[in-house]
There are 4 protein chains.
Amino acid sequence: MARGINKVILVGNLGNDPEMKYTQGGMAVCTLSLATTSVRKDRDGNTQEKTEWHRVKLFGKLGEIAGEYLKKGRQVYIEGSIRYDKFTGQDGVEKYFTDIVADEMQMLGGGAEGGGGGGGSYRGGGDRSERPSRPPQRQESAPRREAPPAKSSDFADDFADDDIPF
Amino acid sequence: MARGINKVILVGNLGNDPEMKYTQGGMAVCTLSLATTSVRKDRDGNTQEKTEWHRVKLFGKLGEIAGEYLKKGRQVYIEGSIRYDKFTGQDGVEKYFTDIVADEMQMLGGGAEGGGGGGGSYRGGGDRSERPSRPPQRQESAPRREAPPAKSSDFADDFADDDIPF
Amino acid sequence: MARGINKVILVGNLGNDPEMKYTQGGMAVCTLSLATTSVRKDRDGNTQEKTEWHRVKLFGKLGEIAGEYLKKGRQVYIEGSIRYDKFTGQDGVEKYFTDIVADEMQMLGGGAEGGGGGGGSYRGGGDRSERPSRPPQRQESAPRREAPPAKSSDFADDFADDDIPF
Amino acid sequence: MARGINKVILVGNLGNDPEMKYTQGGMAVCTLSLATTSVRKDRDGNTQEKTEWHRVKLFGKLGEIAGEYLKKGRQVYIEGSIRYDKFTGQDGVEKYFTDIVADEMQMLGGGAEGGGGGGGSYRGGGDRSERPSRPPQRQESAPRREAPPAKSSDFADDFADDDIPF
DNA sequence: TTTT
DNA sequence: TTTT
């Protein structure tokens, strides 16, 4: 019984390897930095390129897959929604963040480096409220991990707190 | 020859009447505050509503039409792209803004108040680099105007400067 | 692990009341006839209107909601995918059908007639492979029903056969 | 002043090289056969793949670029709208066609064979009502051509007749 | 910070 | 008919 549509469709390239975090409940939170470049002619007829860097969040199983298969440079399709967040820093200054929360991800073309073969698409299964007991997959070429899975108490278990971006 | 897709589709209701500004070159810049509400179940099975407020910018003729026909409460379809901006305030603090730059706008259903009849759809004609000489339409129930058209020198004529949001 | 994106977004008005059918397994199948009108200028500068009539299918719970709340004339947002089907008639002639299979539906504005208040949005829960035991809701102003629920053997229980369109 | 949204977003692979035709007025009409594959689990838990083959039409300059750069196997992003057409054959039998009329095209990843390097994106410039005098580019690995440019009288010059699909 |  |  929602009211409104909030839909984002992106095709871009990753500026970095995925960043993985895990909530206290063990849910994967993968953050991508995704570039989309557009071109327009200015008044003088010169071609102007402009790149937007999107901060894309993938949760749960979708985040685990992203962390496992995506790599810097890889081209990817993302479908999701826009979320605006506001945090008040230690210094009392409010900071604003805009995230794209992904519902679907699809790897495109052939990756830039490594990247494990071809494409594939995945939908978020809405498992953001579940507590996956299966530990995250470890592997040689693991994504940058910035928080140990399922043990830190830095993150409250409630979803609202899971996603502190700094 | 762009590289990437940056597409946003919104259906929501206006939280306020449109705000109109004009660049020194006379181009209309209409800003909408658009709410999209979504629902999700939290871990306890309770329904959680969350409303995102999107700042939507419409330029040129599309902005003029939006300013003329849209009203607070009206339901509207917007298609466009995400643009992230950063400004450094007088105090040296960086501020971040996220805009949805509209390519297409369509009024939906019957408006909340006034709203002038049925729907209608309009595409941005890419006239952002032109200098419309036709003055903006004036009318009784005009949108809030915060800058006089085509005379202020507060705004540089270049598009890059046209869109200072504060 | 799909490969490809097949996404349709429609905003249009219903040309008729929804048509409800039920598979032998009891799954609701709601069919909408949805008009979208576009305008273009022809070579002579004349404005040409063109209306496309989309055949939209909603399955399961999403179909039940559509059948219950939608009415002729109502404006609706549909998100889904395109499906092309081919059937060979009794006369051996092949017939082609194109359906929009809805994943999400949202009622827009105020309905044309009746229509039960405001809007609301619903997502297909992927229950197309389940067998809902709950009987479909009956009510005074019920949508046209063309097949009795959950008793006919005209339709095989497998999904592949559930959706014969004639 | 249109009423309604009719939007299609596809990411898929070409099943064949592009087919080029030209209207009597000299406008390029490029037809793509584009596959999108989706996966669902059936009732027995088996994975079912289903491929939809979309017939995508690109007109004018967008069609020329598609004809020049796309190749069988290539992955491509298409944005456009659905168009339903009906033709009555010589035998008096009505035939139905569904086309995706592209507004935007972007080549993804690296092509399958040849394909001339990386990606690139292009928007339809709405030049469907113009008469491009520039002859279509010829080259060694030209797309299949089924009609000579700008001389045949088989096709009426009006757009309505330009696009007979058989 | 990506990509072409 | 593509792709993985």
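So you know, we letter chains A, B, ... as the sequences are listed, proteins then strands, and number each from 1. Just so it is clear, the values below take in all heavy atoms, side chains as well, and ignore hydrogens, waters and symmetry mates.
- dT1(F) atom C1' lies 11 Å from atom CG of L34(D), rounded to whole Å.
- For the pair Y77(D) OH and dT3(F) P, the interatomic distance rounds to 22 Å; values are reported in whole Å.
- Comparing atom distances between the T51(A) side chain and each of dT2(E), dT1(F), dT3(E) picks out dT2(E) as nearest.
- Of the candidates V11(D), I9(D), T36(D), L58(D), L58(D) is the only one forming a side-chain contact (heavy atoms from CB on, under 4.5 Å) with I78(D).
- Remark: D17(A) does not engage K72(A) in a salt bridge, criterion side-chain N to carboxylate O under 4.0 Å.
- Comparing dT4(E), dT2(F), dT2(E) by their nearest atom to the side chain of W53(D) picks out dT2(F).
- For N16(A) against dT1(E), a side-chain-to-base donor-acceptor contact under 3.5 Å is present.
- When rounded to the nearest whole Å, the span between CD of Q75(A) and C1' of dT2(E) equals 10 Å.
- Rounded to whole angstrom, the span from the CZ atom of R74(A) across to the P atom of dT1(E) amounts to 23 Å.
- The aromatic rings of Y69(A) and Y122(A) lie parallel to each other, with less than 30° between the two planes, well short of the 60° mark.
- Comparing atom distances between the E49(D) side chain and each of dT3(E), dT4(F), dT1(E) picks out dT4(F) as nearest.
- Regarding I100(A), its CD1 atom lies at a distance of 20 Å from the P atom of dT2(E), rounded to whole Å.
- Rounded to whole angstrom, the span from the CD atom of Q106(D) across to the P atom of dT3(E) amounts to 15 Å.
- Between the CG atom of N13(A) and the C1' atom of dT2(E) there is a distance of 5 Å, given to the nearest Å.
- The distance between atom NZ of K50(D) and atom P of dT4(F), rounded to the nearest whole Å, is 21 Å.
- Comment: E52(C) does not engage R83(D) in a salt bridge, judged by the lack of any side-chain N to carboxylate O separation of less than 4.0 angstrom.
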